[in-house]
Each structure stands twice: as structure tokens, then as C-alpha cells.
Protein chains: 2
Amino acid sequence: MGKYDLLKLENQLCFPLYASAKEIVRKYKPFLDDLDLTYTQYITMMVLWEEKEMNVKTLGEWLYLDSGTLTPVLKKLESKGYITRKRQKKDERNLCVSITEKGEQLKEQAIEVPLKMGACINLNAEESKSLYELLYKMLRAL
Amino acid sequence: MGKYDLLKLENQLCFPLYASAKEIVRKYKPFLDDLDLTYTQYITMMVLWEEKEMNVKTLGEWLYLDSGTLTPVLKKLESKGYITRKRQKKDERNLCVSITEKGEQLKEQAIEVPLKMGACINLNAEESKSLYELLYKMLRAL
DNA sequence: CTTTCACTTATTGTACACAATTAAATTTAC
DNA sequence: GTAAATTTAATTGTGTACAATAAGTGAAAG
């Protein structure tokens, strides 16, 4: 192992992580275009399909995103009619994001997305599970 | 497995990939700040430390990036004096990117970065190898 | 009370990331 | 030989992503 070998792209762990995350999000695009959602909007809706409502801070913790990213995403989803944004009465610092009826309906269409994506990933069940666990182990420590 | 279970964030493979890529790039930031490089600039320099020169298209293939991303990154690196950009004589469509002496010197400082990052990743050698191979297997198919 | 402190969201500025388009140069087909 | 097709970068427009800052609110200390 030469002095500079660790600086080669091929010896980096971060690079395939960075590149495959990008490529897989790109793979989502045609499926998400059908729903008129971007990937960031999609994962935001995922949380709200499950939880119905949540304040911005908690949403950011779920998604590993800060308010600088979420604010424009949430405004966009609001303008599409999928969510509402409302200050909480008892503590006006909190902004509560809630899913609308129209947002709920989108869920029916969205069911297709994970199925279609599954077919794009070249890993078997065991490999997927292994990858999933390694990623979460790393993520928890970051 | 309910009808909607695949739409839960916790059942997604893409989400931990997306989130951990983001978090690991963020982890690089303080180390890269010392070199006055962003992550994208850093991986670009990595290719040039190894190859010395390359045209934009090939660079994009190595990095999985298109010219819309690379053009401003390369102009920034040029303004910092780490690279030069020059049209090829025999085919003026090609823009050839070359590392400068100052860019070469930066490599000495950069050696520290992978060492420092290695300490941030909570995986042992075997797990890292396994993650690396799964990511590349997926990436090749995307 | 009131002033300080902590908390939460929004805004601003910088830097990607990519689709779509444009522009310029070269290659090819005829 | 020239028109059409292809190749390569750059540009434009939209949408993240995050650090730093600002603004507003509520809680706590005195």
C-alpha cells in the first residue's frame, strides 16, 4: 500500500455511497414524475402517510434534514394541496405539518413506487438485508 | 405485511443510503475546510491526483456527474489555482482539465483526510469490505 | 414584572445536481 | 464536398442541502 493509495477513488468507501445514493434517486425520477413528486417530497410524504401530522423539527429528525431544506419543500407540498402548515396555538414557535385528504389519496398511487424500484435493484433479499443493516449501523454512529 | 408497509421509511433501502451518504459528506466538511475544498471538489481532485489530466466527459464518467455540475466546480478549482482548463487542439469540443503544481502540492495535505475519516466510520474491516462490495454491485447495475 | 436564556422556524448565501436546451466542432452519409 | 447527424461543453431553470443568521416565542431567574 503506497503512501497515496488511500487517496484513490477506488479505495474510498464514501464515494460508492455518494454515487449510488445519487444514481438510485435518479432511478426514482420517472416513477415519481407520475406522482408529481421529487425524491425529497416523496420521503416527506412517506412520513406523513404514516404519522398524519408532525412539527418541522421532528420531521427534520426523521429525515436527517434541517429547516433550510424542509421549509421550501413543505411550501411546495402545501401549494400542491398535499399538506397544510399551521402554527400550534399553545406554542407558536412550532409549525405543525398535516396531511390533507388529497395527500392521503396520493398514497394509493404511491404503492406502485417501491414495487417498481425493487425491480431496479440488482441485489437479492439477503444482500439487501445486509446492506440495509450496514447502512443503519453506520448512520446511527454518524 | 400490510398493503402500505412498503411505503414506510423504515422498510426502504434507498432512504438509509440517501441519508448516510448525506451524513458522511457532512462529516468530511471540517477536514475538507482545512484544504478549502468541498466534497465534490475533493473527489474531482482525487481523480486528477491520480490521472494528472482528463477531459470533462471522462471525468464525468468517473464521478457519475454531468457537465452541468462539473463546469462550475472546475471553474472554481481553476480560480483557486489547482487546475487548468484548456481546449484540445485536435478536437476543440474537448476541454482538457490538468492539475497544476499547486494542485499537486495539495495532495500532501489531503493524505490526512482518509485517515481522519476512517476513524469516524463505525464499521470494522470486514463490514467495510462487505458494504463496499454491495454498493459497487448495485452501482454497476444502476 | 422583566430581562435573560433557550427553542423553533424562516431566511440568506453558497454550492451542488440534473434535465433540457444551446452552441460549436467533428464525423458521417450520400 | 456538403448537408445531416453526432459529440462535447456550457447555459438555464428548478430543486435540494446546509451553515449562519435573524426573528419570534415561551420559560426561567431574579
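Chain naming here is simple, since letters A, B, ... match the order of the sequence lines and numbering starts at 1 in each.
- Contact annotation for Asp66(B): base contact, defined as any heavy-atom pair under 4.0 Å involving a base atom.
- For Lys22(A), no side-chain nitrogen or oxygen approaches OP1 or OP2 of dA17(C) to under 4.0 Å.
- In this structure, Asn94(A) and Val73(B) both approach DNA chain C, and ranking their closest nucleotides by distance from the 5' end singles out Asn94(A).
- Considering only side-chain atoms of Thr38(B), the nucleotide from dA15(C), dT11(C), dA25(C) that sits closest is dA15(C).
- Using a 4.0 Å heavy-atom distance criterion, Leu65(A) is classed as a sugar-phosphate-only contact.
- Nucleotide dA15(C) holds its P atom 16 Å from the CD1 atom of Ile43(B), rounded to whole Å.
- We find that CG of Leu74(A) is positioned 8 Å from P of dA10(C), with the value rounded to whole Å.
- Of the listed nucleotides (dT26(C), dT16(D), dT11(D)), dT16(D) has the atom at the smallest distance from the side chain of Gln41(A).
- A salt bridge links Lys57(B) to Glu61(B): at least one charged side-chain nitrogen sits closer than 4.0 Å to a carboxylate oxygen.
- When the C1' atom of dT14(D) is taken as reference, atom CG of Asp33(A) falls 13 Å away, rounded to whole Å.
- No engagement by Val25(B) is indicated, since no non-hydrogen atom pair under 4.0 Å with the nucleic acid exists.
- Annotation: Glu126(A), atom CD; neighbour count of heavy atoms from other residues, nucleotides and ligands within 6.0 Å does not exceed 12.
- Projected onto DNA chain C by closest heavy-atom contact, Tyr64(B) and Asn55(A) fall at different nucleotides, the more 5' of which corresponds to Asn55(A).
- The CG atom of Asp91(B) sits 12 Å away from the P atom of dT28(C) (whole-angstrom rounding).
- Remark: Arg26(A) is not in phosphate contact with dA17(C), judged by side-chain N or O atoms under 4.0 Å from OP1 or OP2.
- With values rounded to the nearest 0.5 angstrom, Leu48(B) atom CG is found 11.5 Å from Leu106(B) atom CG.
- Residue Lys75(B) places at least one side-chain N or O closer than 4.0 Å to OP1 or OP2 of dT11(D).
- Between Arg140(A) and Glu23(B), no side-chain nitrogen of the basic residue sits less than 4.0 Å from a carboxylate oxygen of the acidic one, so the salt-bridge criterion is not met.
- The nearest whole Å value for the distance from the CZ atom in Arg87(A) to the P atom in dA23(D) is 15 Å.
- Counting non-hydrogen atoms under 4.0 angstrom, Ser67(B) reaches a base of the nucleic acid.
- In terms of position on DNA chain D, the residue among Lys76(A) and Glu23(B) whose nearest nucleotide sits closer to the 5' end is Lys76(A).
- Candidate nucleotides dA19(C), dA19(D), dC18(D) were compared by shortest atom distance to the side chain of Lys29(B), and dA19(D) ranks first.
- The OH atom of Tyr18(A) sits 11 Å away from the C1' atom of dA15(C) (whole-angstrom rounding).
- For Arg93(B), counting side-chain heavy atoms from C-beta on, the closest listed nucleotide (dA9(D), dT7(D), dA10(C)) is dT7(D).
- For the pair Lys22(B) and Tyr64(A), the cation-pi criterion (under 6.0 Å, within 45° of the ring axis) is not fulfilled.
- When heavy atoms are screened at a 4.0 angstrom cut-off, Thr69(A) is found touching base atoms of the nucleic acid.
- To the nearest angstrom, P of dA9(D) lies 11 Å from CZ of Arg85(B).
- Tyr28(B) and Tyr39(B) have tilted rings, their planes meeting at an angle from 30° to 60° on a 0 to 90° scale.
- Between Thr71(A) and dT9(C), a side-chain N or O to OP1/OP2 separation shorter than 4.0 Å is absent.
- Separating the OH atom of Tyr39(A) from the P atom of dC18(C) is a distance of 15 Å, rounded to the nearest angstrom.
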